[in-house]
Amino acid sequence: MIVLPAATGRHPVLSLAVLGVLLVAASLTEPLRRWRGTGALAALLAVLVGAAARPGATILAVTGLAILGYLLLLDAPSKPHGRATSRWLRQQVPVAACGLAATAAVLILLKVPVPVSAWLVAAGSGAAVAAAALALPRRPRERP
Amino acid sequence: MNDRPVTGPGESDRSFTGPGTTGRNVTGPDDSGPTERRPGERRPGQPGPGQPGVDGDDKRITWRAAPRLHRLALVAVVGVLAAVLTRQAELLLLAAPALAAAAAGGRGRPEALDARVTLSVTRCFEGEEVEITATVAGAVDEVAFQLEPDPLVPLTEGSPQQSVPATGGAWARWVVTPRGWGRRRPGVVTARCRVGGVWETTLTVRPEPLEVFPHPPPARASLIPAELLLRIGDHAATTAGSGIEFAGIRGYLPGDRLRDLNWAVTSRTGRLHVNERAALRATDLVIMIDAFSEVGPLGDTSLDLAVRGAAGLAGAYLRTGDRVGVVALGGVLRWLSPAPGYRQFFRIVEMVFGIRFASEVIPDLGRVPRTALPPRSLVVLFSPLLDARTFGIVADLRQRGVSLVVVDVLRHEPPPHPGAPTSGLAVRLWRLDRQTMRTSLGVPVLGWDEDAGLDGALAPLRGRRIPVLRP
C-alpha cells in the first residue's frame with residue numbers, strides 16, 4: 001500500500017514511504033503492536049504517499065484496497081490457530097467485499113463525465129450529511 | 001479413632017447435601033436442559049444447573065466505536081480531504097474502501113447481550129479448584145474476556161485474558177484455587193464484545209460470592225476435660241463401665257460376665273478375677289476464637305490459623321460424636337451452642353465467616369448463655385495472645401471453672417529492624433516477655449506451628465485430663 005504509489009513518486013515521497021514501511025513493520029510486531037496509534041499512523045502515511053505521488057487511478061484503487069486490508073489485518077487474532085483464523089477470515093469477507101464494491105463504483109464514476117453544477121454539489125453535500133446523521137451512533141434512550 | 005476428614009463440599013460422600021446441589025438454574029447459549037451434573041461433568045462453556053449465575057449489566061448496552069472504526073474513519077476523512085483540497089477526484093479511491101468498510105461493519109448491533117458468570121461450586125475448601133465460566137450470548141463477532149482474580153483466589157489454569165471469536169455467543173473458562181477462607185468473590189470478569197469489528201461494548205460481571213471453608217488440619221479428639229458428661233461417647237472415663245478401654249482388675253462378684261475373667265490372675269491367685277473396663281463418655285467442646293488481633297501476611301494470619309485449627313478440632317470431635325460449639329471473641333460476642341453432627345461443622349464455619357469485625361468493645365462472657373458454655377465442657381481458645389482483653393477472658397473462664405486450653409497461633413515474630421542494632425535484643429526481650437506471660441496465665445498454653453500439625457501441637461496434653469485451674 002506504500003511501496004506501489006511510492007515507486008512512481010519523487011524523492012520526498014520516498015522518504016515518507018520509508019517511514020511508512022517502518023511503521024507498518026512496527027505495527028505488526030510486538031511490542032508496538034499493542035499501541036493502536038502505530039497502525040493508524042502507518043495507514044495515514046500510506047494515504048499521504050498516495051496523494052503526494054499522484055499515480056494512476058488503478059494504482060490508487062489497489063492502494064486503497066491494500067490500506068483496507070492492512071487495517072483489517074491489525075485486528076487479526078494475535079495467536080493464529082486454525083479455527084479461529086478461518087472464522088476471523090470469514091468475518092472479514094463482507095467488509096472486504098464492501099470495500100471492493102466501493103472502489104469499483106468510484107472507478108466507474110470517474111469514467112463518467114460529469115458537468116460542473118452547483119446543484120450536484122449541494123445534493124452531494126446533503127447526502128453526505130444525511131449519511132453521517134444516519135450512521136453515527138445515538139445515545140440510548142433513558143428507560144423508566 | 002476415625003481420622004477420616006469431615007465430608008465436605010464436592011467430596012464423594014453424597015450424604016452431605018452440599019454445594020452444587022442448590023442454586024438457580026442458568027441457561028447458557030447452548031444449554032441442553034436442566035439436568036443434574038457434577039462439577040467437571042459439564043461441557044465447557046455450558047453453565048450447568050445447580051450453579052448460580054450472575055446476570056451482567058445487560059439491560060442497557062452502550063456501543064462505542066472500536067479502534068478499527070477510528071482508523072477507517074481517519075483514512076476516509078484524510079482521503080476525502082486530500083481529494084477535495086487537491087481537486088483530484090481519483091484520490092477518492094484511497095478513501096472509498098475504508099468508508100464502505102466503516103459503513104458495512106456497523107450493521108446488526110444487538111440491543112441486548114446476556115453475560116453470565118457461573119461457578120462450578122458455591123462452596124469449597126481452601127486449596128480446592130473452582131471453575132469459573134463466563135458466557136456472553138448475543139450476536140457478537142468477538143469477545144475478549146478478562147478475569148481480575150481476587151488476591152486470595154489466584155488463577156491456576158487459563159489465561160487471564162482470552163479473546164474468543166464468537167458466533168451467537170462465546171465463553172471462557174478459568175480455574176482458580178482459593179487460598180484463604182471466607183466469603184469472597186473470585187474476581188471480576190470483563191467481557192469486551194465486538195460487532196463487525198467496528199463497534200464494541202464492555203460488560204462487567206461479578207460472580208456470586210464463593211464460600212471458602214477453612215481447610216481443617218488433621219486432628220484427633222485427644223483433649224479430655226477433667227470431668228466427662230454422663231452421655232455415652234468415645235472418651236474413656238475414670239469410672240468403670242462397659243467400654244473397651246482396660247481400667248483394672250478386681251475380684252469376681254456375682255453377676256460379672258465370664259468373658260471378663262482374667263485367667264492369668266485367676267490361675268496365679270487361685271481366686272476368680274475379672275477385668276474392669278472404663279466407661280465411655282462424651283464431652284462438650286467449646287472452641288473460642290480470638291479475633292481481637294490479627295497479624296501475619298494475607299492468607300496466613302494468626303486469625304487464619306486460628307480458624308483452621310478450630311475447623312480441624314471441631315471436625316475431630318464431631319466425628320467422635322461429641323458436641324461442639326464456638327464462641328467468637330471479636331468485639332460483638334457471638335456464639336453457637338454445642339451440638340453434634342456434621343451439619344454443626346458447617347454451621348460453625350459459616351458463623352466464623354463473619355468473625356473479622358474490628359471493635360474496641362470487651363465482650364462480656366457473662367452474657368454467654370449456659371447452653372453456649374455448658375458446665376464441664378472443655379474450652380479450647382485459639383489466640384495469638386497479643387490483646388490484653390484476651391487475658392481478661394482467660395481469667396474470667398478460670399473463675400467460671402472450665403477446663404481451658406489455650407493454643408497460641410502466633411507464628412510471625414516482629415522482624416528486627418535492619419538499621420537498629422538493638423532491635424534484635426528487643427525481639428529477644430519480647431520473646432521472653434511472651435514466655436513469662438504464657439506461664440502466668442495459669443492454664444496450659446500450647447504453641448502451634450502449622451507445619452507440625454494440630455495433632456503435634458496438642459501432643460503434650462494427649463491422654464491427660466485437662467484440670468480446672470481456678471485462680
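A, B, ... follow the sequence lines: proteins, then strands. Residue 1 opens every chain. Every value quoted in this text rests on a predicted model; they were computed, and no experiment measured them. Just the heavy atoms: all of them, side chains too, but no hydrogens, waters or symmetry mates, feed the values below.
- Rounded to the nearest 0.5 Å, atoms CG (A:Leu71) and CG (B:Leu74) are 9.0 Å apart.
- Interface remark: A:Leu110 contributes side-chain atoms only to the contact with chain B (heavy atom separation under 4.5 Å).
- A:Leu74 places a side-chain heavy atom less than 4.5 Å from the side chain of B:Arg71.
- Taking each heavy atom of B:Val75 and A:Ala43 in turn, the nearest pair found is CG2-CB, 3.6 Å.
- Note on A:Leu48, A:Leu72, A:Thr63, A:Leu100: by heavy-atom pairs under 4.5 Å with chain B, the leading option is A:Leu72.
- Both the backbone and the side chain of B:Ala89 come within contact range of chain A, judged by heavy atoms closer than 4.5 Å.
- With sequence neighbours left out, A:Leu107 forms a side chain to side chain contact (heavy atoms under 4.5 Å, CB included) with A:Ala57, A:Ala61, A:Thr103, B:Leu93.
- Among all heavy-atom pairs drawn from B:Ala82 and A:Ala51, the shortest one is CB-CB, 4.2 Å.
- Counting heavy atoms of neighbouring residues, nucleotides and ligands inside a 6.0 Å radius, atom CZ of A:Arg54 does not exceed 12 of them.
- Taking each heavy atom of B:Leu91 and A:Gly50 in turn, the nearest pair found is CD2-O, 4.1 Å.
- When each of A:Thr58, A:Leu60, A:Ile59 is checked for a side-chain contact (heavy atoms from CB on, under 4.5 Å) with B:Glu90, only A:Leu60 meets the rule.
- Chosen from A:Ala101, A:Cys98, A:Pro55, the residue pairing most often with chain B at heavy-atom distances under 4.5 Å is A:Cys98.
- Rounded to the nearest 0.5 angstrom, A:Leu109 CG and B:Leu92 CG are separated by 9.5 Å.
- Heavy-atom distances place the side chain of A:Ile67, and not its backbone, under 4.5 Å from chain B.
- Sorted by first and then second residue, the pairs that involve residues 142-154 of chain B and meet side chain to side chain donor-acceptor pair (under 3.5 Å), not counting sequence neighbours, are B:Glu142-B:Ser163.
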